[in-house]
Amino acid sequence: MGHMSLNKTLKNTYDAIVIGSGISGGYAAMELCTKGYKTLVLERGRMVTHGEYPTAQKDIWDLPNQNVVSYEEKERDYFQQNRLNWWVHQENKHWINKDSDYSYDEVKRFDWIRGHHVGGRSIMWGRHCYRWSDLDFEANKKERIGVDWPIRYKDIQPWYDKVETFVGVSGQAEGLAQVPDGKFLKPFPLNCAEQYFREEVAKVYPERVVTPGRVANLSEYKPEVHKGLRGQCQSRNRCWRGCPFGAYFSSVSATLPVARDTGNLTIRANSIVSEIIYDKHSKKASSVKIIDTETKEEIEIFARIIFCNASTVGTTAILLNSRSESFPNGLGNRSGELGHNMMDHHYGMGAFGKVPGFEDTYYKGRKPVGFYIPRFRNINKNTKNEAYLRGFGYQGEISRAKNNPDELYGEDLKNAIFKPGAYWLSMAAFGEILPNHENKMFLNFDKKDKYGIPTITFDAQLRDNEMKMRQDAVKCAIEMLNAAGCENIGSYNSETAPGACIHEMGTARMGRDKKTSVLNKWNQMHDVLNVFVTDGACMTSSGTQNPSITYMALTARAVDYADKQIKAGKL
Ligand SMILES: Cc1cc2nc3c(=O)[nH]c(=O)nc-3n(C[C@H](O)[C@H](O)[C@H](O)COP(=O)(O)OP(=O)(O)OC[C@H]3O[C@@H](n4cnc5c(N)ncnc54)[C@H](O)[C@@H]3O)c2cc1C
Ligand code: SF4
C-alpha cells in the first residue's frame, strides 16, 4: 500500500497481542490479562461495550417495517449472508457484516456468516454448549481419516470445568459418554409436551435422549462467579440483539469486562490485521501489521506472544497473507495444510409434526432454548449404521401454534383465534463433516479488497459420507415423531452449503506431526512457537457438537501453557 506510511515505533509494544475479540479472542484476553500480561486486542470492526444494544428493548412495532429488511437492501448489502433467508432482520442487522463492504469468491457456494465488531459473533450466537468426548478425539485415528488429534478428553476436561463455570452453562446431567456432562447451572426445563416427547422416544429408542438444550444463559446467578457483572436470564428470547442483563455469555458481557478490570487490557477497534511479521533470526513472529480503518494508516505493533482469534476464516486469511522468505506459502505453513480441511456441520435436514394432547395447558415459547438430542449413531456396536461414519445431533423445540383455521371468517374466525392452537414439534439435525484436504479456502493475491488485502475464495463441498448421513438423520427424526404419536408429520432434506451452519473450522489443524498439521497439542504453531491459534481453525475434526465451548477450553489451556513456557524462560 504505497500511499500509506508505516508507523513503526517501539512504543507500540505489548506482552501479548490477541487478534479478534469474539468468543475465543475475548477468552484469550481475559486469561492473559488475569495472568498479568499487558494485552492488546486488535479488532477490525467498531467498538461495542456492554449495554450498547440498540434494539434490545424494542418491540416489533418499534422497529422499521415490522422487523423486516427490504428485498432491495438484502440484495444490495447481504447478498451472500442472507441466502438462507432467515438471518437478516431489523433487530440484528447491525451485528452482521455487509457483503457490499467485504465480499468473497466461491468456486463452490460457501455461506460465510460474520460479525465484525468488538464481541464478534459472541453477540449473536445460539449459546449451545456441548462437550466433546473421546468418541470424537479418537475417531480420526481409528478410521484413518485426516490426522489424529494430539489430545484426548482427559487433556481438555479440566479446562471445560473451568470455562463452563465462568461462562455459566445451564443443562441437565444425563451420564452420556458421547456428550459428557459438565459443570451445569440448573436446566431450563423441558415444557410439558417436550417432556412427553422425551418419555415416548425413550420407550422405543432408549439410546435417543431428549434433554434440555445446554446453553450459556444464566439460569442462576452466582455472586462468587458473576460478581455483579451479569444477571439472571429473564427468558425474554431476544438474545441475539444483545442482552442488557448480561444474562448470556458474550465477550462484551463477560470476558472483556474482567480483562478490563485487571488494568492490563487495551482494545484497539477499527484495526484490521493484515499480516504477522516473521523474524528469521529469532525464528519467532516479531509483530503484526494493522490498517487503521479510520485513518487508513498502516501500523506495526510488537509483542512477545500472539494469539490468533480472528475466527477460522479470518485467522487463516491473515496467516496465508503472512508470507516471507522463510514461509513463502503463509506463516507456519510448511505442511501445506493451512487453508485446507475446511469443515462445518451440515444441516438443512429434519422433521416436524403436530403433538397430540395437552389442550388444557397453555404454554408458549419464552425460554431461551428447546431440546437437544445428542448423537446416538455409531457410538457403539449396537448403534452402527454401516452406510456412513460418525453421526449427528438434533436441536428442536415444541411450542404452541396460533389457532388460525383456514375455513373461518369474521366473528367465527375472531372467536377461534382466541383459543390456543396445537403443539407443534420441529427438529433439525447437525451432522459431522469429515476433514478432507480438498475442502479449502485460499487467497486471491490478484484481487484485493478496499484496504489492499487479498480477497478470500472458498472451494468446499459436502461429500458422499455426509450425503448418506443426511438420509439417516431425516429417517431417525421421523421415527421419533412416530414414536410420540405425532400427526401431520413432514420432513425436509434441503442441502445447505458449507458455512451455513456457522461452525466453520479446521483450516490450521492441530496434529502430532508437523509434516501434516499446522499446530501442536498446545495450539502453538509447530514452526513459530510464539504464535498460538485457538479459534476454530485449530480443529482436527468437527464432531457433532456446537464447537465454541471447545474453542474456549482450548484457549484457556493454551494461555496457561504459554504462561508456563514464558515463566520457564522458553518463550
Ligand atoms: C446466529 C448464530 C448462532 C450460533 N450458534 C452457536 C451455538 O449455539 N453454539 C456454538 O458453539 N456456536 C454457535 N455459533 C458460532 C459461534 O458464534 C462461533 O463459533 C464463534 O463466535 C467463533 O468464535 P471466534 O472467536 O473464532 O470468532 P468470532 O466470534 O467470529 O470473532 C472473530 C473476531 O475477529 C475479528 N476479526 C476478523 N478478522 C480480523 C482481522 N484481520 N483483524 C482484526 N480482527 C479481525 C472479527 O471482526 C470478530 O470480531 C453461532 C453463530 C451465529 C452467527
Ligand atoms: S432470554 Fe435471557 S439472555 Fe436472552 S435476552 Fe432474554 S434475559 Fe437476556
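Counting starts at 1 for both ligands and their atoms, in listed order. For this chain, numbers begin at 1 and follow the sequence in order.
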message = Check this for me - ligand 1, Gly314, N or O atoms closer than 3.5 angstrom, yes or no?
response = no
Discussion item. Would you say the rings of Trp95 and Trp87 are close, in the sense that their centroids are separated by under 6.0 Å?
Written reply: no
- Task: Salt-bridge test for Arg114 and Asp99: reply yes if a basic N is under 4.0 Å from a carboxylate O, no otherwise.
- Result: yes
min-distance protein heavy atom vs atom 8 (O) of ligand 1 -> His128 N, 2.9 Å
Please report whether the ring centroid of Tyr153 lies less than 6.0 Å from that of Trp132. no
Here the atoms of ligand 1 under 4.0 Å from any heavy atom belonging to Leu42 are 43 (C), 44 (N)
Numbered in order shown, the ligand 2 atoms found under 4.0 Å of a heavy atom of Tyr248 are 3 (S)
Note: Asn309, heavy atoms under 4.0 Å from ligand 1, region reported as backbone
If we number the atoms of ligand 1 from 1 as shown, the ones under 4.0 Å from a heavy atom of Met124 are 1 (C), 2 (C), 3 (C)
Test of ring centre spacing under 6.0 Å for Tyr130 and Tyr372:
yes
Going by the 4.0 angstrom heavy-atom rule, the piece of Ile318 near ligand 1 is side chain
Open item on the list: Between Phe458 and Tyr104 (judged by ring centroids, cut-off 6.0 Å), do the two rings come close enough to count as a pair?
Closed with: yes
Salt bridge or not between Asp105 and Lys447? Use side-chain N to carboxylate O under 4.0 Å. yes
When you measure from the heavy atoms of Gly115 to every atom of ligand 1, does any distance fall below 4.0 Å? yes
Short version for Ser235: what comes under 4.0 Å of ligand 2, heavy atoms counted, is backbone
*Less than 4.0 Å between a side-chain N and a carboxylate O, is that true for Arg83 and Asp111?*
yes
Note to self: For Arg390, is there an ion pair with Glu432 - N to carboxylate O distance below 4.0 angstrom?
What the structure shows: yes
### Message
With a 4.0 Å cut-off on N to O distance, would you call Arg214 and Asp181 a salt bridge?
### Response
yes
Under 4.0 Å from one or more heavy atoms of Ser271, ligand 1 contributes atoms 42 (N), 43 (C)
The atoms of ligand 2 lying under 4.0 Å from a heavy atom of Ala247, numbered in the order shown, are 3 (S), 8 (Fe)
* To do: Indicate yes or no for a side-chain donor-acceptor contact from Thr544 to the backbone of Arg375 under 3.5 Å, with no hydrogens or angles considered.
  => no
Can Arg241 and Glu91 be counted as an ion pair, charged N to O under 4.0 angstrom? yes
Looking only at protein heavy atoms, what sits closest to atom 29 (O) of ligand 1 is Arg121 N, 3.1 Å
**Prompt:** Does the distance from a Lys or Arg side-chain N to an Asp or Glu carboxylate O, for Glu275 and Lys289, drop under 4.0 Å?
**Reply:** yes
Do Val531 and Cys308 touch side chain to side chain, with heavy atoms closer than 4.5 Å? yes
Any heavy atom of Arg114 under 4.0 Å from ligand 1? The part involved is neither
Among Val273, Val533, Thr555, the residue with a heavy atom nearest to atom 40 (C) of ligand 1 is Val273
Regarding Lys93 and Asp77, does a basic nitrogen lie under 4.0 Å from an acidic carboxylate oxygen?
no
Here the atoms of ligand 2 under 4.0 Å from any heavy atom belonging to Phe245 are 7 (S)
Check your understanding: Taking both backbone and side chain into account, is any N, O or S atom of Cys243 nearer than 2.8 Å to atom 4 (Fe) of ligand 2?
Key -> no
If you measure every N/O of Asp535 against every N/O of ligand 1, is any gap under 3.5 Å? no
closest protein heavy atom to atom 13 (C) of ligand 1 is His503 NE2, 3.6 Å
Nearest non-hydrogen contact to atom 2 (Fe) of ligand 2 from the set Pro244, Cys239, Cys233 belongs to Cys233
Of all protein heavy atoms, the one nearest atom 5 (N) of ligand 1 is Gly126 N, 2.7 Å
Going by the 4.0 angstrom heavy-atom rule, the piece of Asn546 near ligand 1 is both
Under 4.0 Å from one or more heavy atoms of Asn217, ligand 2 contributes atoms 2 (Fe), 3 (S), 4 (Fe)
Note: Ser251, heavy atoms under 4.0 Å from ligand 1, region reported as neither
Residue, atom and distance of the protein heavy atom nearest atom 45 (C) of ligand 1 read Arg44 CG, 3.7 Å
| query | So do Val169 and Leu185 actually touch side chain to side chain, heavy atoms under 4.5 Å? | reply | no
min-distance protein heavy atom vs atom 15 (C) of ligand 1 -> Ile502 O, 3.2 Å
Nearest non-hydrogen protein atom to atom 19 (O) of ligand 1, with distance, is Ser548 OG, 2.9 Å
Taking the side chain as every heavy atom from C-beta outward, state whether Thr55 and Leu63 have any atom pair closer than 4.5 Å.
yes
Ranking Glu43, His345, Gln395, Met552 by closest non-hydrogen atom to atom 48 (C) of ligand 1, top hit is Glu43
